[in-house]
Structure formats: structure tokens, C-alpha cells
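Shown next, in C-alpha cells, is the structure this report addresses.
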Number of protein chains: 2
Amino acid sequence: MSQGGAVDLDTSVAYPLKQASAALRAAMEDALRPLGMTITRYSCLELLAQRPGSSSSDLARGAFVTRQSMNVLLQALEHEGLVSRPAQAPVGKVLPVQLTAVGHEHLARASAAVRAVEVRMLADLSPDEQAAALHALRAMTRALQPGPGDASRVLEEDRPS
Amino acid sequence: MSQGGAVDLDTSVAYPLKQASAALRAAMEDALRPLGMTITRYSCLELLAQRPGSSSSDLARGAFVTRQSMNVLLQALEHEGLVSRPAQAPVGKVLPVQLTAVGHEHLARASAAVRAVEVRMLADLSPDEQAAALHALRAMTRALQPGPGDASRVLEEDRPS
DNA sequence: TGACTCATGTCAGCATCCTGACATAGCGTC
DNA sequence: GACGCTATGTCAGGATGCTGACATGAGTCA
């Protein structure tokens with residue numbers, strides 16, 4: 001709030017954050033393209049490997065897309081045999097998604113490519129600097145979560161996961 | 001179990017980076033919506049205030065969109081009287097874009113809203129931690145650039161010093 | 001001078017993702 | 001058991017951004 005005209009990009013953190021994110025996105029796209037994979041597809045597979053049996057909505061939240069978009073993606077992945085879903089929901093309407101063997105293979109290749117990108121990204125940072133970056137990113141994400149500032153929607157204080 | 005070489009989301013920096021970027025994007029959209037403005041529009045105006053007379057392609061690079069998308073946006077902004085472009089290029093094909101008085105007013109309001117978001121984002125970080133985050137983000141962005149010669153820098157921290 | 005390369009602005013078509021809306025199933029309360 | 005609330009899956013429509021391609025003008029070099 002030094003002046004009313006412009007954000008000082010020298011001291012701003014938001015712009016470098018977007019810069020880094022854009023650079024990471026571009027590098028990941030370049031790394032995944034030869035494998036015939038996109039970032040959203042990879043993210044979905046990676047999340048599925050970490051949490052097998054996730055629902056479409058769970059995967060959507062983890063991949064930062066809407067559940068509609070994730071559902072379209074899952075249909076494609078299912079058609080290609082990378083994931084599998086039961087024809088009927090075992091309980092409620094939730095369709096648990098599973099990674100197939102083929103899906104695991106594709107994920108392994110993609111994951112290696114993505115790891116290489118991350119290694120390159122962190123090449124010039126010491127372990128301490130990486131830890132500091134991790135800490136700062138988590139703090140920023142936490143501070144931006146809607147909740148402890150507006151009473152518009154709450155109901156998340158007493159939610160023991 | 002079936003996760004031998006998967007990227008660990010807990011120790012990864014890429015995922016928190018995307019998380020923070022997504023949270024920032026959502027917070028900025030929420031802050032700009034009441035002003036009838038989007039992130040891309042704000043970015044364009046902000047860049048224009050920093051570098052008056054930029055070309056459409058320059059603005060596109062700074063806002064992380066293609067020059068086609070930026071041109072569509074500039075046509076809308078010009079139609080609404082926020083920016084102005086000469087009918088003919090003074091030199092070559094480059095049409096230098098200028099911020100109008102109305103554009104400056106809109107930018108001032110949007111900039112204040114965005115600054116509030118950034119303040120909230122950095123609320124839990126000490127100045128040292130903020131500086132460390134800035135350093136890490138710049139190093140990551142630099143390391144991910146395709147060419148190590150950094151030939152094309154777009155509105156970066158290129159202060160003379 | 002002439003050819004080559006690069007960047008810019010622009011047009012057309014396509015891909016991706018989102019917003020809005022609806023029906024349904026679990027959960028808790030009364 | 002009935003009601004309200006939340007979350008999920010799904011369908012339709014629209015907004016936004018991108019890829020591909022073209023012509024033009026500037027700069028470079030033989």
C-alpha cells in the first residue's frame with residue numbers, strides 16, 4: 001500500500017509464484033508430451049496411486065479441476081484401460097476408481113519424467129532452501145484457505161476427517 | 001504397496017507449488033469478482049502500468065497467455081475505454097498500448113484488492129521467510145527455463161543495481 | 001541490393017474447462 | 001418414519017484459451 005497505482009513486482013511474491021508455477025507447468029507438459037500424457041491425466045493417475053479407490057470428486061479436488069471435468073477424464077482413462085470403475089456403486093453413488101496394471105505402467109513412466117523435471121527445478125537450491133520453500137508454500141496455501149476470516153461458510157472446525 | 005516409484009506428495013515441492021498457485025488464483029478471483037474484473041484483465045492492466053506502450057505480444061508473455069488471447073482481451077479493454085491503441089502502427093507492426101484514465105482508476109481498485117490478498121497470503125511468514133520464498137521461487141523459475149542463457153526476460157527483476 | 005530470419009498482428013477452427021441445474025443416496029435431527 | 005442437509009454423479013450449454021496458418025515489416029548479412 002505504498003501507492004495507489006501499481007503493485008511493486010520487485011517485492012511481490014504473487015507474481016514470482018505464478019511465474020514458477022507457469023514454468024513448472026510448461027516443463028511438465030514438455031516432459032509428458034512424448035509419453036502421450038497431459039498434466040491432468042498424470043495428476044489423476046498419481047493421486048489414484050496414492051489413494052486407491054478414490055471417488056471422482058476426490059480426484060477432482062486433488063487435481064484442481066471440477067468433478068465434471070474429472071469425470072470426462074476418467075471416462076477416457078477407463079476407455080483406454082488405465083483405470084477401472086465398477087458398473088454399479090457398492091455403496092451410495094460413489095464409484096471407487098482403481099488403477100489397472102496398464103495404468104501403473106503408464107504412471108511409472110510419467111512419474112519418472114516428472115521427477116526429472118522437479119530435480120531440475122530444485123537443482124540450484126540447497127536442502128535448507130528447499131525446506132524453506134516447502135514451509136513457505138504450505139503457509140501461503142493455508143493462509144489463503146477460505147474460512148477463518150469470513151463467516152460466509154464455516155462448518156469445518158469440527159470435522160475430524 | 002503398488003507404489004514403488006511414485007512421487008511422494010509429502011516431500012514434493014511441485015505439488016505444494018501448484019497448491020499455492022491454485023489457492024492464490026482462487027483468492028484473486030474472489031477478490032476481483034466484485035469489481036467485475038478477471039485475473040487476466042487485471043494482469044494486463046498491471047503490466048501496462050509498469051511498462052506503458054507495451055505491445056500485445058509483450059503483454060501476452062507477461063500474463064502467461066498467447067498473443068492471440070491477449071489481442072482478444074485488448075479489443076475488449078479498448079472497447080470499454082480502459083486502454084487505447086493507435087489506429088496505425090507508428091513503426092513496424094507494433095501497436096503500443098496505453099492505459100487511459102479510466103483504466104488507471106479500474107487498476108487502482110483492482111490493485112488494492114490484489115494487494116490485500118497477498119498480504120493475507122504472507123500473514124504467517126516473517127520477512128526472512130518471505131525473502132527465502134522469493135529467492136527459491138526465482139531460482140526454480142530460472143532453472144526451468146529452456147535456455148540457460150536467459151535471452152528473453154519478460155518484466156522480470158531486471159533492476160540495474 | 002537482395003535474401004534470409006525473426007517478431008508481430010490477425011484470422012479460423014478446435015480443445016479444454018467451467019457454470020448451472022437436476023436427481024439420487026447417505027447422515028443427522030426431530 | 002419424515003424432514004433437511006450435504007455430497008456425489010450426470011447432462012447441457014457456454015466461456016475461455018490454445019494450435020495452426022498467413023501476410024507484413026524490421027533487422028541482419030552476404
Side-chain angles (χ1 to χ4, degrees), chain A residues 18 21-22 25-26 28-30 32-33 36-44 51 53-79 83-97 152-161, chain B residues 18 21-22 25-26 28-30 32-33 36-44 51 53-79 83-97 147 149 151-154:
Chain A
K18 188 165 184 175
S21 182
R25 180 183 185 85
M28 283 180 66
E29 283 176 347
D30 291 343
L32 292 174
R33 192 174 301 115
M37 195 163 295
T38 65
I39 293 183
T40 313
R41 286 169 71 100
Y42 159 73
S43 300
C44 178
R51 308 189 68 163
S54 295
S55 69
S56 178
S57 296
D58 277 337
L59 296 171
R61 279 186 291 268
F64 309 103
V65 295
T66 61
R67 60 186 192 277
Q68 292 91 333
S69 300
M70 180 54 69
N71 201 33
V72 173
L73 173 60
L74 282 176
Q75 289 175 4
L77 290 175
E78 193 175 9
H79 184 265
V83 305
S84 65
R85 277 190 295 184
Q88 286 188 346
V91 54
K93 298 183 67 177
V94 180
L95 290 172
V97 187
S152 50
R153 47 180 172 153
V154 232
L155 222 68
E156 49 190 331
E157 303 304 322
D158 46 341
R159 195 177 57 181
S161 75
Chain B
K18 188 165 184 177
S21 182
R25 179 183 185 86
M28 284 181 65
E29 283 176 347
D30 291 344
L32 291 174
R33 191 174 303 115
M37 196 163 296
T38 66
I39 292 183
T40 312
R41 287 168 71 98
Y42 160 73
S43 300
C44 177
R51 300 199 150 185
S54 295
S55 68
S56 178
S57 297
D58 276 337
L59 296 171
R61 280 187 290 268
F64 310 103
V65 295
T66 61
R67 59 185 192 276
Q68 293 90 334
S69 299
M70 179 55 69
N71 201 32
V72 173
L73 174 60
L74 282 176
Q75 289 176 4
L77 290 175
E78 193 174 10
H79 183 264
V83 305
S84 65
R85 278 190 293 185
Q88 286 188 349
V91 54
K93 297 183 65 176
V94 180
L95 290 172
V97 187
S152 65
R153 294 185 300 179
V154 183

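Side-chain atoms are counted along with the backbone in the values below, which use heavy atoms only and exclude waters and symmetry mates. Here is how names work: the chains are called A, B, and so on, in the same order as the sequence lines, proteins then strands, and each is numbered from 1.
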Mind calculating the distance between CE (B/Met70) and P (C/dA7) to the nearest angstrom?
18 Å
Atom-to-atom span, CG of B/Leu77 to C1' of D/dT16 - whole angstrom:
15 Å
Would you kindly compare A/Ser56 and A/Arg33 by the position of their nearest DNA chain D nucleotide and give the one closer to the 5′ end?
A/Ser56
Looking at B/Arg67, I'd like to know whether one of its side-chain N or O atoms comes within less than 4.0 Å of OP1 or OP2 on D/dT19.
no
Counting the atoms with a prime plus P, OP1 and OP2 as sugar-phosphate, which does A/Thr40 contact under 4.0 Å by heavy atoms, base, sugar-phosphate, or nothing?
sugar-phosphate
Just how far is it from atom CG of A/Leu77 to atom CE of A/Met70, taken to the nearest 0.5 Å?
8.5 Å
Rounding to a whole Å, what distance do you find between A/Leu59:CG and D/dT10:P?
13 Å
Return the value, rounded to whole Å, for the distance between atom CG of B/Leu73 and atom P of D/dA15.
16 Å
Grab the CZ-P distance between B/Arg41 and D/dA15 for me, whole Å please.
15 Å
Interatomic distance, A/Gln75 CD vs C/dC17 P [rounded to whole Å]:
14 Å
Looking only at N and O atoms, is any donor in the side chain of A/Gln68 or the base of C/dG20 less than 3.5 Å from an acceptor on the other one?
yes
When the distance from CG of B/Asn71 to P of D/dT16 is rounded to whole Å, what number comes out?
16 Å
If I take atom CG in residue B/Leu74 and atom P in nucleotide C/dT10, what distance separates them, rounded to the nearest angstrom?
10 Å
Using only side-chain N and O atoms of B/Thr66, determine if any of them is under 4.0 Å from OP1 or OP2 of D/dC18.
yes
As a test of reading the structure: which of D/dT8, D/dT10, C/dT8 is closest to the side chain of A/Ser57, going by heavy atoms?
D/dT8
